[in-house]
Amino acid sequence: MNRQASAEMSQKLFRAKLLTPEGTGRPAPGSGFWRLYDDGALVIDTNGRIVSVGDYADLAREHSEAEKIDLSDKFIVPGFIDAHVHLPQYPAIGLYGRELLDWLNAYIFPAEKEFTPKVADSLSPIFFDRLLAYGVTTAAIYTSVRADSTWKVFEWAERKGIRAIIGKVMMDRNVPDYLREDTRTSIAESDQLCKAWHGQDDDRLLYAFTPRFAPSCSQELLDKVGALARERGAYVQTHLSENSGEIKWVKQLFPESRNYTDVYARAGLLGPKTLLAHAIHIDQDEQRALLAAEACLVHCPTSNLFLKSGLMHLAELLQMRHRVGLGSDVAGGPTLSPFSLMQAAIYVHNARCLPLANSGFDVTPGLVLYLATLGGARALGLGRTTGSLEPGKDADFVVLDLSSFDQSLANRGEGEVDKLLSRLVFLSDDRNVEQTYVRGRLCYERQQRNSAKR
Ligand SMILES: [Zn+2]
């Protein structure tokens, strides 16, 4: 047997309907960005990288020795990206609160207090299994202030195979005593975690310095995080301009800053590897500063509606060419479902357009699915690795059974892809997710969840 035949034998060819964003362009409203291969093939190698994407008839000939996996009645789409979520808050999911600051004190700080290494050890596999069951292949995750618990989270992410950016929360003021850190300890422990985990498994696991938000961080802490994150080439993740009470508080705490964004700018925290959740109430000055820094804004529409925080100006920010991802913000948001997130992003935009959706730039199903996949990947700086079905990328994908509406409803003919995208976004949930693969590894299969009765 020659070497090429041997290499092909170790390849896998998935026959399915493939739906993927294509090309290097910017997000466009409508489906122009999406390509459907009705009888498609996805070929991956033993390293979990995508070798070929195309029509089955062509690729079956080209890769005749590859192991064939017939999913021809299913869809394969790129894995979803949750760009903002809090793992220790998972036990508080779905608990309604009056507004952000009250809710933090009532539910969230107590939940984070309970996040011991033992709890992290039992909660992390459940949390990662749920994300994978929703088709989420990449997540940017906050833990709590505890470094030992954060270590457990990394170990479970490593074992479960999910792609993750993870960071220990940093807080050295204005929080309950049981969560308040000494500034130097907070920095030292975060740096140790970064050195140990940032870039592990060929960059599948990455570190984010995670000052919770400006009110819980001293100037000294923010300044040191800025310098250290740059030195290590790691991420920074924090919250920005979520709630009006929070913004007033920031003004009092940082009187020398022009606005909330300026607090982070002065600390040297803004850059392409900075993930800023919410960014709801930012003014034009802040928008320009964030754009110039190429910072990633994370839209968390389910959380923003749940906690009455406000309606982000998604369409305007995308038109300005901001990098935007979608985040569940669990437990600020009541669900890990990327489908709910995509729907909510449209509803938030529509609510802002009331009474007439006439802004010219619409937030469509194709656009929110882009933000949940390739757009999110690009916002996180992972656009060359994941987010679409393209040769050379890691094989991060989801197998969806859409037979409930793909066969019974007319999708064929003119506008076929538009109809499909719309129904995928508005009619799907985790029951449609059959399998989830990260870097070619099967990380979730639907039957397993049923048998485990979670
Ligand atoms: Zn959050």
Side-chain angles (χ1 to χ4, degrees), residues 16-42 50 52-55 75-83 135-138 294 296-299 301 312 314-327 338-339 341-350 357 359-398 400 402 406 411-428:
K17 301 164 203 269
L18 308 182
L19 185 65
T20 182
E22 211 172 47
T24 55
R26 298 280 188 176
S31 65
F33 204 66
W34 286 88
R35 169 125 190 219
L36 174 67
Y37 296 90
D38 218 7
D39 184 10
L42 174 74
I50 298 173
S52 303
V53 177
D55 290 320
F75 283 81
I76 287 180
V77 301
F80 301 120
I81 293 171
D82 186 339
V136 174
T137 53
T138 299
E294 298 181 59
C296 163
L297 308 181
V298 185
H299 183 29
M312 194 220 212
L314 177 63
E316 290 86 339
L317 292 166
L318 288 175
Q319 280 180 293
M320 287 176 72
R321 307 295 197 200
H322 279 274
R323 298 161 65 209
V324 181
L326 296 180
F339 304 100
L341 264 186
M342 292 188 278
Q343 293 157 17
I346 292 176
Y347 294 143
V348 164
H349 170 74
N350 288 358
S359 68
F361 185 97
D362 204 9
V363 175
T364 60
L367 180 58
V368 293
L369 189 59
Y370 169 81
L371 295 179
T373 55
L374 183 57
R378 287 175 173 170
L380 296 181
L382 300 175
R384 290 175 183 213
T385 308
T386 188
S388 60
L389 309 175
E390 287 180 77
K393 287 194 176 184
D394 283 5
D396 295 359
F397 63 91
V398 188
L400 296 174
L402 304 181
D406 182 53
N411 283 323
R412 301 290 172 252
E414 204 175 320
E416 172 189 8
V417 179
D418 270 338
K419 289 177 192 167
L420 180 64
L421 290 167
S422 187
R423 286 176 170 147
L424 194 159
V425 167
F426 283 105
L427 299 181
S428 304

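Numbers for residues simply follow the sequence, beginning at 1.
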I'd like to check [X] versus [Y] (side-chain heavy atoms, cut-off strictly below 4.5 Å). Are they in contact?
X      : Y      : result
Leu374 : Pro78  : no
Arg423 : Leu402 : no
Pro365 : Ile346 : yes
Leu400 : Val77  : yes
Arg378 : Tyr370 : yes
Leu42  : Ile50  : yes
Leu19  : Tyr37  : no
Val324 : Val298 : no

Would you say the side chains of Glu22 and Thr20 form a donor-acceptor pair under 3.5 Å?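 No - no donor-acceptor pair under 3.5 Å links their side chains.
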Pairing residues for Asp55 by the salt bridge (charged side-chain N to carboxylate O under 4.0 Å, His left out) criterion, not counting sequence neighbours: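 Not a single residue meets the salt bridge (charged side-chain N to carboxylate O under 4.0 Å, His left out) criterion with Asp55.
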Hey, what do you get for [atom1] ([X]) to [atom2] ([Y]), rounding to the nearest 0.5 Å?
X      : Y      : atom1 : atom2 : answer
Leu382 : Cys296 : CG    : SG    : 9.5 Å
Leu371 : Leu341 : CG    : CG    : 10.5 Å
Leu380 : Arg323 : CG    : CZ    : 8.0 Å
Ile76  : Phe397 : CD1   : CZ    : 5.0 Å
Leu18  : Leu36  : CG    : CG    : 8.0 Å
Phe361 : Leu318 : CZ    : CG    : 5.0 Å

State which residues pass side-chain hydrogen bond (donor to acceptor under 3.5 Å, both in side chains) with [X]; sequence neighbours excluded, sorted by chain then number.
X      : answer
Ser428 : none
Asp82  : Ser328
Thr385 : none
Glu294 : none

Using a 3.5 Å distance criterion without hydrogens, assess whether the side chain of [X] forms a donor-acceptor pair with backbone atoms of [Y].
X      : Y      : result
Arg35  : Pro21  : no
Trp34  : Gly366 : yes
Lys393 : Thr386 : yes

Residue list, side chain to side chain contact (heavy atoms under 4.5 Å, CB included) with Thr137, at least two apart or on another chain: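 In terms of side chain to side chain contact (heavy atoms under 4.5 Å, CB included), with neighbours along the sequence ignored, Thr137 is linked to Asp396, Thr436, Val438.
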Could you pull out all residues at least two apart from Tyr347 that satisfy side chain to side chain contact (heavy atoms under 4.5 Å, CB included)?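 For Tyr347 the side chain to side chain contact (heavy atoms under 4.5 Å, CB included) partners, ignoring immediate neighbours, are Gln343, Phe426.
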Chi angles and distances behind the side-chain contact (heavy atoms from CB on, under 4.5 Å) call for Phe80, Met342: CA-CA 11 Å; Phe80 301 120; Met342 292 188 278; 4.2 Å; yes
Stepwise, does the side-chain contact (heavy atoms from CB on, under 4.5 Å) test hold for Lys17 with Leu420? CA-CA 12 Å; Lys17 301 164 203 269; Leu420 180 64; over 6 Å; no
